[in-house]
Asker: 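Following this message is one structure expressed as structure tokens.
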Amino acid sequence: MNLDKKRKSVDLIITLALLAVIVLFLLFAVKNKYNFDKSFFQVIDCYSTRNYTIEQLDAIYAQDDFLENLKAFNQELHLNQEFQYVEVETQALELIGHWDKPASLANGYGHKDLTNQTIEHEGKEIEITPVNSLQVARQSQQPLFGRELFQDQAFVQNKANVSLILGNSFQKYYNVGDQIEFIYLYKTWTGTVAGFLDSGEKIRMDDFFHFDLDTFIIMPYFEQLTPDGSSLDDQKFQISYYIQKNFGYLKLKDKKEYRKGKKYIEQTASKYHLDYTLLKGY
């Protein structure tokens with residue numbers, strides 16, 4: 001009888017030990033899955049109703065020096081020698097005209113089909129279709145693509161004209177030199193196709209943040225905007241434009257520098273009476 005009890009005790013100990021090994025293995029696997037060496041951290045503004053009332057936000061955007069502060073903040077981000085600021089955003093472009101290409105090239109903002117929507121724009125009824133797009137600064141081409149996509153002149157504004165690099169899947173439907181009319185930040189632009197990406201090209205910043213670029217249009221960020229005296233909404237457009245330009249990424253050597261990078265972003269923004277921080281993410 002005592003021998004049976006001992007055997008049962010030994011079996012129980014072995015079973016518990018095996019369970020412990022399995023649990024430790026699973027914990028180790030989860031840790032390795034998420035404990036990657038992230039180096040890109042997103043710079044974000046804090047202008048939301050979580051932090052401010054609607055009235056406070058309206059007052060902030062109406063400040064006479066708000067636009068100039070956004071510009072100065074952007075310029076200092078690019079001049080910093082310790083941290084590299086990667087200026088890139090994923091605002092979709094709304095192509096004007098009837099869409100007769102595959103639905104797989106259109107961006108449905110992650111849900112239903114939004115091709116050939118009818119809207120009123122600038123006093124006319126038009127059809128638009130949203131398409132995936134990345135906007136990139138001149139200095140951000142190397143860290144993102146490993147090469148220069150655009151010539152330097154593409155980053156200098158020429159009225160409402162802009163160069164475009166298209167993902168490889170668009171190559172069946174467009175040629176170099178073709179013009180594409182689209183809406184970006186509620187303004188009409190004319191894009192000229194300057195080239196195409198290689199098939200299967202991707203941007204990968206870490207284990208979670210990556211884009212398959214075959215269905216993307218790449219658009220350069222202008223280094224400075226030309227004031228449009230004919231538009232009453234030009235100030236509003238420029239504010240939106242620079243808010244997007246400042247919604248980029250800080251490239252750190254490794255994730256251990258996060259606190260230092262966060263402090264840098266918040267202190268730099270504070271110099272220009274702005275409210276920005278660094279998103280830790282995962």
Asker: Would you say the side-chain atoms of Gln81 pair up with the backbone N or O of Leu79, donor to acceptor, closer than 3.5 Å?
Answerer: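 Flag set: sc Gln81 to bb Leu79 pair under 3.5 Å.
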Asker: Going by atom types alone, do Thr129 and Gln117 pair a side-chain donor with an acceptor below 3.5 Å?
Answerer: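 There is no such pair between these side chains.
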Asker: For a side-chain hydrogen bond (donor to acceptor under 3.5 Å, both in side chains) check, start with the C-alpha distance between Glu181 and Thr188, then their side-chain angles and the critical distance, and finish with the verdict.
Answerer: CA-CA 7 Å; Glu181 194 174 26; Thr188 302; 5.4 Å; no
Asker: How are the rings of Tyr52 and Tyr47 set relative to one another: parallel (under 30°), tilted (30 to 60°) or perpendicular (over 60°)?
Answerer: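 Taking Tyr47 first and then Tyr52, their aromatic rings sit tilted (interplane angle of 30° to 60°).
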Asker: Between Thr118 and Ile126, does a side chain to side chain contact (heavy atoms under 4.5 Å, CB included) hold up when you go through it step by step?
Answerer: CA-CA 6 Å; Thr118 301; Ile126 59 173; over 6 Å; no
Asker: Are the side chain of Tyr221 and the backbone N or O of Phe155 linked by a donor-acceptor pair below 3.5 Å?
Answerer: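 Pair absent, no side-chain N/O of Tyr221 close to backbone of Phe155.
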Asker: Examine Phe83 together with Tyr264 and report whether their ring centres are nearer than 6.0 Å.
Answerer: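 Ring centres of Tyr264 and Phe83 closer than 6.0 Å.
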Asker: If I take atom CD from residue Gln151 and atom OG from residue Ser163, how far apart are they, to the nearest 0.5 angstrom?
Answerer: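 Between Gln151 CD and Ser163 OG, I get 8.0 Å after rounding to 0.5 Å.
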Asker: What distance do Lys253 atom NZ and Gln84 atom CD have between them, rounded to the nearest 0.5 Å?
Answerer: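 So the gap between those two atoms works out to 12.0 Å.
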Asker: Mind checking the CG-OH spacing from Leu70 to Tyr276? Nearest 0.5 Å is all I need.
Answerer: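 Nearest 0.5 Å value for the CG-OH distance: 5.0 Å.
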Asker: Taking Asn74's backbone N and O only, do any of them form a donor-acceptor pair with Tyr272's side chain (distance below 3.5 Å, no angle check)?
Answerer: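 Not at all, since once roles are kept as given, no pair shorter than 3.5 Å links the two residues.
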Asker: Among the clusters formed by ILVMFWY side chains lying less than 4.5 Å apart, do Phe150 and Leu144 turn up in the same one?
Answerer: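 In one cluster: yes.
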Asker: Does Tyr173, at its OH atom, have more than 12 non-hydrogen atoms belonging to other residues, nucleotides or ligands within less than 6.0 Å?
Answerer: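 More than 12 heavy atoms, drawn from other residues, nucleotides or ligands, come within 6.0 Å of this atom.
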Asker: Atom CG in Leu95, atom OG1 in Thr115: separation rounded to 0.5 Å?
Answerer: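 If I round to the nearest 0.5 Å, the distance is 12.0 Å.
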Asker: Check whether any side-chain heavy atom of Leu93 sits under 4.5 Å from a side-chain heavy atom of Gln135, and report yes or no.
Answerer: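 Heavy-atom side-chain distance check passes, below 4.5 Å.
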Asker: Could you report the tightest heavy-atom contact between Gln141 and Leu149, atom names first, then the distance?
Answerer: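 Nearest heavy atoms, Gln141 then Leu149: OE1-N, 2.8 Å.
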Asker: Could you report the tightest heavy-atom contact between Lys245 and Phe222, atom names first, then the distance?
Answerer: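 Nearest heavy atoms, Lys245 then Phe222: NZ-O, 3.0 Å.
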Asker: Does any part of the side chain of Ile265, heavy atoms only, come nearer than 4.5 Å to the side chain of Phe41, both counted from C-beta?
Answerer: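 Answer no - side chains too far apart.
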Asker: Taking NZ, NE, NH1 and NH2 as the nitrogens, is one of them in Glu148 or Arg138 under 4.0 Å from a carboxylate oxygen of the other?
Answerer: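 No, Glu148 and Arg138 are not salt-bridged.
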Asker: Atom CD1 in Ile203, atom CZ in Phe40: separation rounded to 0.5 Å?
Answerer: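 Rounded to the nearest 0.5 Å, the CD1-CZ separation comes out at 9.0 Å.
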Asker: Looking at CD1 of Ile96 and OG1 of Thr190, how far apart are the two atoms once the value is rounded to the nearest 0.5 Å?
Answerer: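 With rounding to 0.5 Å, CD1 (Ile96) is 8.0 Å from OG1 (Thr190).
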Asker: When hydrophobic residues are tied together by side-chain contacts of less than 4.5 Å, even through go-betweens, does Ile128 share a cluster with Leu105?
Answerer: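 Not linked; separate clusters.
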Asker: Give the intermediate values and the outcome of side-chain hydrogen bond (donor to acceptor under 3.5 Å, both in side chains) for residues Asp214 and Asn168.
Answerer: CA-CA 5 Å; Asp214 283 346; Asn168 196 265; 5.8 Å; no
Asker: Under a 4.5 Å cut-off applied to non-hydrogen side-chain atoms, are Leu166 and Ile218 in contact?
Answerer: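 Heavy-atom side-chain distance check fails, nothing below 4.5 Å.
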Asker: So, for Tyr85 and Val43, which heavy atoms are closest and what is the spacing to 0.1 Å?
Answerer: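 Minimum heavy-atom separation between Tyr85 and Val43: CE1-CG2, 4.0 Å.
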Asker: Indicate the atoms forming the closest heavy-atom contact of Val162 with Pro220, along with that distance.
Answerer: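 Looking at all heavy atoms of both residues, the shortest contact is CG2-CD, 3.7 Å.
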Asker: Counting C-beta onward and ignoring hydrogens, is there a side-chain heavy-atom pair between Asn161 and Trp189 closer than 4.5 Å?
Answerer: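 In short, these two side chains do not touch, never coming nearer than 4.5 Å.
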Asker: I'd like to know if the side chain of Ser140 reaches the main chain of Val136, judged simply by a donor and an acceptor atom lying under 3.5 Å from each other, with no hydrogens or angles considered.
Answerer: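 Pair absent, no side-chain N/O of Ser140 close to backbone of Val136.
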Asker: For Gln91 and Ser133, work out which heavy atoms get closest and say how close.
Answerer: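 Gln91 and Ser133 have their closest heavy atoms at O-CB, 3.3 Å.
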Asker: Donor-acceptor pairs under 3.5 Å, side chain of residues 53-62 to any protein atom, not counting sequence neighbours: which ones?
Answerer:
residue: Thr53; atom: OG1; partner: Gln56; partner atom: N; Å: 3.1
residue: Thr53; atom: OG1; partner: Gln56; partner atom: OE1; Å: 3.4
residue: Gln56; atom: OE1; partner: Thr53; partner atom: N; Å: 2.9

Asker: Using side chain to side chain contact (heavy atoms under 4.5 Å, CB included), reason through Asp178 and Thr192 one step at a time and then give a plain yes or no.
Answerer: CA-CA 6 Å; Asp178 284 354; Thr192 301; over 6 Å; no
Asker: For Lys262 and Glu266: C-alpha separation, side-chain torsions, deciding distance, then whether salt bridge (Lys or Arg N to Asp or Glu O under 4.0 Å) applies.
Answerer: CA-CA 6 Å; Lys262 182 174 184 286; Glu266 292 177 351; 2.9 Å; yes
Asker: Closer than 3.5 angstrom, by distance alone: can the side chain of Glu201 be matched with the main-chain N or O of Asp198 as a donor-acceptor pair?
Answerer: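 Indeed, once roles are kept as given, a pair shorter than 3.5 Å links the two residues.
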Asker: Look at the side chain of Asp234 and the backbone N and O of Asp228, then say whether any donor-acceptor pair between them is shorter than 3.5 Å.
Answerer: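 It does hold such a pair.
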Asker: Within a radius of less than 6.0 Å around CZ of Arg147, do more than 12 heavy atoms belonging to other residues, nucleotides or ligands occur?
Answerer: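 Yes, because the 6.0 Å sphere around CZ of Arg147 holds more than 12 heavy atoms from other groups.
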Asker: Walk me through whether Glu94 and His121 qualify under side chain to side chain contact (heavy atoms under 4.5 Å, CB included).
Answerer: CA-CA 12 Å; Glu94 295 171 328; His121 177 67; over 6 Å; no
Asker: Can you name the ring pair (Phe, Tyr, Trp, His ring centres under 6.0 Å) partners of Phe145, sequence neighbours left out?
Answerer: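 Ring pair (Phe, Tyr, Trp, His ring centres under 6.0 Å) list for Phe145, sorted by chain: empty.
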Asker: Any chance you could lay out the side chain to side chain contact (heavy atoms under 4.5 Å, CB included) test for Asn107 and Thr215, step after step, and finish with the verdict?
Answerer: CA-CA 9 Å; Asn107 169 30; Thr215 60; over 6 Å; no
Asker: Ring centroids only, cut at 6.0 angstrom: are Phe196 and Phe170 within range, meaning strictly under it?
Answerer: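 That pair fails the under 6.0 Å test.
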Asker: Taking the side chain as everything from C-beta on, heavy atoms only, tell me whether Leu185 gets closer than 4.5 Å to Tyr241.
Answerer: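 Yes. Closest side-chain heavy atoms under 4.5 Å.
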Asker: Would you find a donor on one side and an acceptor on the other, under 3.5 Å apart, between the side chain of Asn69 and the backbone of His273?
Answerer: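 No.
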Asker: What I want to find out is whether Glu87 reaches Lys251 closely enough, with some N-O distance under 4.0 Å, to be called a salt bridge.
Answerer: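 Looking at Glu87 and Lys251, the cut-off is not met.
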Asker: Taking atom types as modelled and ignoring hydrogens, do the side chains of Gln157 and Gln224 form a donor-acceptor contact shorter than 3.5 angstrom?
Answerer: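 No.
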Asker: How would you list, by chain and number, every residue that makes a ring pair (Phe, Tyr, Trp, His ring centres under 6.0 Å) with Tyr242, sequence neighbours excluded?
Answerer: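 With neighbours one apart ignored, the set is empty.
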Asker: Hydrophobic clustering (ILVMFWY, side-chain heavy atoms < 4.5 Å, transitive) - are Val176 and Phe182 grouped together?
Answerer: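 Same hydrophobic cluster.
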Asker: Can you see which heavy atom on Gly97 is nearest to which on Asn116, and at what distance?
Answerer: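 Reported closest heavy-atom pair: O-OD1, 3.9 Å.
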Asker: When you compare the side chain of Lys255 with that of Lys280, does any pair of heavy atoms fall below 4.5 Å?
Answerer: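 Side-chain contact under 4.5 Å: no.
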Asker: Is there a side-chain contact between Gln235 and Asp233 in this structure, where contact means two heavy atoms from C-beta onward sitting under 4.5 Å apart?
Answerer: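 With C-beta onward as the side chain, the pair stays apart.
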Asker: Is the number of heavy atoms from other residues, nucleotides or ligands under 6.0 Å of Glu76 CD greater than 12?
Answerer: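 Counting other residues, nucleotides and ligands, CD of Glu76 exceeds 12 neighbours.
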Asker: Hydrophobic clustering (ILVMFWY, side-chain heavy atoms < 4.5 Å, transitive) - are Phe237 and Tyr186 grouped together?
Answerer: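 Cluster IDs for Tyr186 and Phe237 differ.
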Asker: Test Phe211 against Phe216 for ring pair (Phe, Tyr, Trp, His ring centres under 6.0 Å), laying out the working first.
Answerer: CA-CA 9 Å; Phe211 296 106; Phe216 273 75; 5.5 Å; yes
Asker: Side-chain contact test, heavy atoms from C-beta onward, threshold under 4.5 Å: evaluate it for Thr277 versus Cys46 and give yes or no.
Answerer: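 Counting from C-beta outward, Thr277 and Cys46 do come under 4.5 Å.
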